[in-house]
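All remarks here apply to the structure that follows.
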Protein chains: 2
Amino acid sequence: MKIGQLSQRTGVPTRMLRYYEEQDLLHPGRAGNGYRDYPESAVYRVQQIRGLLDSGLTTEIIRRIIPFLDKPEEIHLHPDCLTSELADLLRSEAERIQQRIDCLSRNRDRILAYLSAVETRQGQA
Amino acid sequence: MKIGQLSQRTGVPTRMLRYYEEQDLLHPGRAGNGYRDYPESAVYRVQQIRGLLDSGLTTEIIRRIIPFLDKPEEIHLHPDCLTSELADLLRSEAERIQQRIDCLSRNRDRILAYLSAVETRQGQA
DNA sequence: ACTTGCCTTCACATTGATGAGAAGGTTTCA
DNA sequence: TGAAACCTTCTCATCAATGTGAAGGCAAGT
């Protein structure tokens, strides 16, 4: 798949797809003419990157955790390669993500609580 | 409470506390000498702002939803003031927040799944 | 062959969040 | 009174993510 098509299917500008590649988040192959050639899986990958960026993670963090995010079935690194520092990094990232989730959940609940409170009150009036 | 003390208690630089004020997220009073004067509740407020910023929300979004985030018990706006567009804004923000939560949850689960898979395998070896 | 549209790299600009420092007033304490 | 530690406003710089456009190569249709 060429970059324009990937852009269309994900809604992400080509400029950004090239940027994500520069940041080592994508690694498309190259066709004979130099055009980037993306596999089908790139669509999901880009959506994943977008979601994480929108959630406040930086490209640097994403780059470090993305190898472990694909399919839990296939272990990408031999367990030998999982140094204890890398495991710590993953654990602490999971924790930071959890904190974000907690914060967002709290505030989502408050918004919804407010809405339902007002609706109830209006229903009575 | 003066700005330095608020900074110490929240870990947020004074520079940022002034910035949040400029962005209409904080509204401290002023003492006779011109010093900012924060209520006790500002500590929690600042932590809330930090959490939301870290979670990828912009100051503009935060500014718009923060009035509804305090205590669900006290309804801040009369129901009359909740125009339908405002309600729609809140609903759509809640939905966007939910999407972030979903994305983060998925990826947290994958990190944890990877870690436990590797640990299991190492335990066997 | 020509046009249209996609692709390439390169480069400059912008925006939001943040860091950092100057220049000067205030409070506190010795 | 003087020094230290706070506060004020203002300004300039940085960094990540993104917008935008130039200059040119490639591909497909007429």
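Numbers restart at 1 for each chain; the letters A, B, ... are given by sequence-line order, proteins then strands.
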Salt-bridged, B/R9 to B/E40, with N to O below 4.0 Å?
yes
For DNA chain D, the residues among residues 30-43 of chain B that have a non-hydrogen atom under 4.0 Å from it
B/R30, B/G34, B/Y35, B/R36
A/R50 and A/Y20: side-chain donor and acceptor closer than 3.5 Å?
yes
Using whole Å, report how far CD of B/Q5 lies from C1' of C/dT27.
15 Å
Do A/I66 and A/Y44 share a hydrophobic cluster, counting only Ile, Leu, Val, Met, Phe, Trp and Tyr and linking them when any side-chain heavy atoms are less than 4.5 Å apart?
no
Hey, is the main chain of B/I3 close enough, under 3.5 Å, to the side chain of B/S7 for a donor-acceptor pair?
no
Please check if the side chain of B/D37 supplies one atom and the backbone of B/M1 the other of a donor-acceptor pair under 3.5 Å.
yes
To the nearest angstrom, how far is B/R18 atom CZ from D/dC7 atom P?
7 Å
Could you tell me the separation between the CD atom of B/Q8 and the P atom of D/dA5, rounded to a whole number of Å?
13 Å
Between atom CE in B/M1 and atom C1' in D/dC6, what is the gap in whole Å?
16 Å
So the stems of DNA chain D, runs of at least three Watson-Crick or G-U pairs (under 3.5 Å), are C:1-30 with D:1-30
Salt bridge check: are A/E93 and B/R108 linked by an N-O gap of less than 4.0 Å?
no
To the nearest 0.5 Å, what is the distance between NZ on A/K2 and CG on A/L17?
14.5 Å
Between B/R100 and A/G51 (side chain of the first, backbone of the second, donor and acceptor by atom type, cut-off under 3.5 Å), is there such a pair?
no
Could A/R63 and A/E21 be called an ion pair, given the rule that one side-chain N must be under 4.0 Å from one carboxylate O?
no
I need the CD-C1' distance between A/E22 and C/dT8, as an integer number of Å.
14 Å
Atom pairs, protein N/O to nucleotides 16-18 of chain D N/O, distance under 3.5 Å:
| residue | atom | partner | partner atom | Å |
| --- | --- | --- | --- | --- |
| D/dA17 | OP1 | A/T59 | N | 2.8 |
| D/dA17 | OP2 | A/Y19 | OH | 2.7 |
| D/dA17 | OP2 | A/T59 | OG1 | 2.7 |
| D/dT18 | OP1 | A/R50 | NH1 | 2.8 |
| D/dT18 | OP1 | A/R50 | NH2 | 3.3 |
| D/dT18 | OP2 | A/Y20 | OH | 3.0 |
| D/dT18 | OP2 | A/R50 | NH1 | 3.4 |
| D/dT18 | O4 | A/R15 | NH2 | 3.1 |

Rounding to a whole Å, what distance do you find between A/E21:CD and C/dC7:P?
13 Å
Rounded distance in Å - CD1 (B/I3) to C1' (D/dT9):
12 Å
Given B/L69, B/L25, B/I61, the one that forms side-chain contact (heavy atoms from CB on, under 4.5 Å) with B/L52
B/L69
Do B/Y35 and B/V46 sit in one hydrophobic cluster, given that two such residues count as connected whenever their side-chain heavy atoms are within less than 4.5 Å of each other, even indirectly?
no
